[in-house]
Amino acid sequence: MERTSTRDQRLDQCLSAAYRAVYWQGFGYIIYDGQFNNMPVEVQSDGTGTGAHVPAHLTQIPIAVINIGIDCTNKIVKGKVIHKGPLVTVKPGKLVQKAVIQDDDDPSQTMSINIILLGSLAKDFSEVVNQGDVVTASGFTVGKSPTAKQDKLHPFDLILSGDDAFIYVSQRSDPDPKSSLANRRRPTLPAEDSKATKASKYTYVKLDNLKDGSTVNVYGVVVFFRQPYQSRGTDFCSSLKITDQSNHSVACTIFCENLEDHPKIFKIGDIIRMHRVKVKSYNNSVTLVSTFGFSVVTFDGSVGGALEPRTSSKSFSFTEEDRQTVEELRSWAAGHVLGPSVLSAVPLSDVQLTGYFDLTCQLLAKATIQNNCTLLRVWDGTKCPHTLLEVIVEPGCTEGPTSFSKAKESLIANVLVYDNHAEFAKQLKPGDFLRIYNLRAIPGSIKVSGLTSSKPVEGDHVTLNLHGGTSYGKGIRVLPEDNPDVQKLKRVFESLPKDEEDDLSDSNLIEIWGTPPESLGVTVGGKEECSGVRTERSCSHQMLPVTLAQLKQSHPDGSHHVRVQLRSFEPRRLYQALKLFCNKCSSLQDIPDDELVAGIFSEASQRSRACRPPDLLSGQVNLHEESSVSQSRVLGIHLCPNLIVKDLMFLEGSTLEETRLIAAEYQNIVPVTSSGDHLALLDLSAPFLFRDRRRYYGCKQCSETVLRNLSSVSMEVMDEKMIANTLGVELLQFVFVMKLELQDATDTLDVFLMKHALHTLS
DNA sequence: GATTAGGCTTGG
């Protein structure tokens, strides 16, 4: 950021908006404070099955060709809604709705893509569109899918936001009688429906009616489960136990090669539907074992919960009858004790000194402790009443932030996971929402090969361990964003007081300040090895990322989350990032160099006449310079009568160097010049105050300096703010400013990062 | 159309 007028002007222009909008959150990501564009978006909900409302000039493109580079202008994407997530309030008034659509025109094409709807469109969509509807989207943008790895769907997302975005609902096959909007639509009988009707109707056997050797379809409520684990054969194995209204409980063993195909069970009480399980007798009990063509779908078990099927099945049928079955099982289960674990979900604040429990939490950081032991640093927004194990981690072993603010740190629990769970933890990423099953709270602290430090043995201590093995369902599961418990957690996090220093504490700043920029790895990375600008940093924000193109269209006051590449940054050296900022007029300027300041002092010194203002205590010091005896100068020293001598001194006629030397001895020096009988401050390009070895500057534009009636001045606290206030100076703030040039596939964006820096300068 | 597993902890 070299000092050029054009650059300064640009900075000035940008800053008033950018200052409000952009916060320094570590250099890895940006929060852009703005609201989603709230333009009304029409959802055409009374389609007749022909897509007649879609304007003719729009061209349909297949889902398979969607790519970040495509031109989305006048393009439409059509697909059947195979999954509809809940309407999520990211922040008050900011809605997000996620759905998955599948290419419906080409049955051989099974590619599905996530569509993300923002703002009012999200709300409309959530009210009007049902699973099974065929929708046509236009005015979308394409973003990289952050969940592609997990959901195995399309590598890109369709993002619908703002007034260009439209959803045309052209068909639906499964009317929801509860939706009044849906009822307004004409009953449709498109090909879709006949296809659905053709699908063989499944019959489900109650659990008290299982005949040995038969292959059946069943519904049940989960009373026990363990996460799938690698069997000694070719498959992963899940074992679970289910029950139903017959009160019989049946053990099930499921073998599937792919983890994806295993039942996605999150908690006891989940509802499960299995197709093609074989009834086998073992130890005089009936069991169910998966057989060829096995498929499974699970649902949340809470009464009134969303009816979101969790399945990897591409072709998946769900009828009104299914809906009823699920609801009936939910109601039935609500009145029955399903197992001890149903009560085992415990927040950190309720952790007992001894016992096992399930913890729903967010992973903030993780670290390898030993070959078979990984530390998970997690939180759920509540504070554990017991002293938790502290773990010392060797440098370079941590993924995610290595330190947090005090406030956040007090909410973080260290969980040690062993063996198979340490192995599983390799795939976890900071920010993931987790449920840790059968976590054990052990009273007292345990040393882990000298790597843990026990606090003084006072009060209650507790260590959280997830021991190896899968007995009692021990395990870890990553919960999806739309999970109701995850939503709850997010709300808790949002309600916590904002923690400004969370990502860049003072100590971190000081560390950066003292570190050559080259070794900072450009600070884009949160990982230890910051070797280049492409290091990835994940953060714990829960907003869906938007593209830069979308961000540029938004109003500049809300929060956005972008995933971008850093193209360039300025300045290259951190000290060059230090600027002066005026809170009043938002102007930004460089700190004047000593040469300029010395010139101002020198000029003022020559003008000075060492006057004696009537309201101050004044004295003079005659200076005879050895080098030129002919020239002597007079330093004027003025003190406020009602202030202690050392507290504030107005120094007249001194050079910069002299001022600096005197300022080393006296606490507050205000350099002045005289005009007639009155004192005046120097040109405000020079510091107006030398205090505690720091120099303070005032805004030329906003200051209205007054150095009269100083006799009546009294200050309760003598600090730079009070002094500036007394003198009519608008105090300039020290700030770090960096300019980043960001890019993604859609656009580039210049971003200014600002952070108040005063407390780090010494 | 073979095989896997068939809950039930204690320890870093």
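Everything numeric here is computed off the predicted structure, so don't read it as measured data. Residue numbers begin at 1 in each chain, while the letters A, B, ... track the order of the sequences.
Within residues 230-244 of chain A, the residues approached by DNA chain B to less than 4.0 Å at the level of any non-hydrogen atom are S231(A), R232(A), G233(A), T234(A), D235(A), C237(A), K241(A), in residue-number order.
Looking only at atom types and distance, the side chain of S302(A) has a donor-acceptor partner in the side chain of D300(A) under 3.5 Å away. If you check the side chains of Q102(A) and S112(A), you find a donor sitting under 3.5 Å from an acceptor. With 3.5 Å as the limit, one finds no donor-acceptor pair spanning the side chains of R276(A) and T215(A). In summary, the side chains of D322(A) and T325(A) do not present any donor paired with an acceptor at a separation below 3.5 Å, with no hydrogens or angles considered.
Checked against a 6.0 Å centroid threshold, the rings of F255(A) and H262(A) do not count as neighbours.
Counting only heavy atoms from C-beta on, F255(A) has its side chain closest to dT4(B) among dT9(B), dG12(B), dT4(B). Closest approach to the Y418(A) side chain among dG11(B), dG12(B), dG7(B) is made by dG12(B) (side chain taken as heavy atoms from C-beta onward). Set against dG1(B), dG12(B), dT9(B), the side chain of N372(A) has dG12(B) as its closest nucleotide. Taking the side chain of R440(A) as heavy atoms from C-beta on, and the options dT9(B), dG6(B), dG11(B), the nearest nucleotide is dG11(B).
In this structure, L389(A) places its CG atom 17 Å from P of dG11(B), rounding to the nearest Å. Atom pair N465(A):CG and dT10(B):C1' shows a separation of 11 Å (rounding to whole Å applied). At whole-Å resolution of the value, NE2 in H262(A) and P in dT4(B) are 15 Å apart. Straight-line distance from the CZ atom of F224(A) to the C1' atom of dA5(B): 12 Å, rounded to whole Å. One can place CD1 of I436(A) at 17 Å from C1' of dT9(B), the figure rounded to the nearest angstrom. Rounded to whole angstrom, the span from the CG atom of L439(A) across to the P atom of dT9(B) amounts to 17 Å. One can place CG of N284(A) at 18 Å from P of dG6(B), the figure rounded to the nearest angstrom. Regarding Y356(A), its OH atom lies at a distance of 8 Å from the P atom of dT9(B), rounded to whole Å.
Side-chain N/O atoms of R226(A) include none lying less than 4.0 angstrom from OP1 or OP2 on dT9(B). An OP1 or OP2 oxygen of dG7(B) is reached within less than 4.0 angstrom by no side-chain nitrogen or oxygen of Y437(A). The side chain of Y472(A) contributes an N or O atom lying less than 4.0 Å from OP1 or OP2 of dT9(B).
The residue N438(A) sits close to a base: some heavy atom pair falls under 4.0 Å. Within the 4.0 angstrom heavy-atom criterion, no nucleotide atom of any strand lies near K280(A). The residue G469(A) sits apart from the nucleic acid: no heavy atom pair falls under 4.0 Å.
Considering T374(A), L428(A), I369(A) in turn, T374(A) is the only one that fulfils the side-chain contact (heavy atoms from CB on, under 4.5 Å) rule with V417(A).
For CG of N371(A), the number of neighbouring non-hydrogen atoms (other residues, nucleotides, ligands) closer than 6.0 Å is 12 at most.
For the pair L466(A) and F292(A), nearest-nucleotide mapping onto DNA chain B gives the more 5' position to F292(A).
Pairs passing the ring-ring contact (aromatic ring centres under 6.0 Å, His included) check and including a residue from residues 276-315 of chain A, sequence neighbours excluded, read F299(A)-F318(A).
Comparing dT10(B) with dG6(B), their P atoms are spaced 15 Å from each other, to the whole Å.
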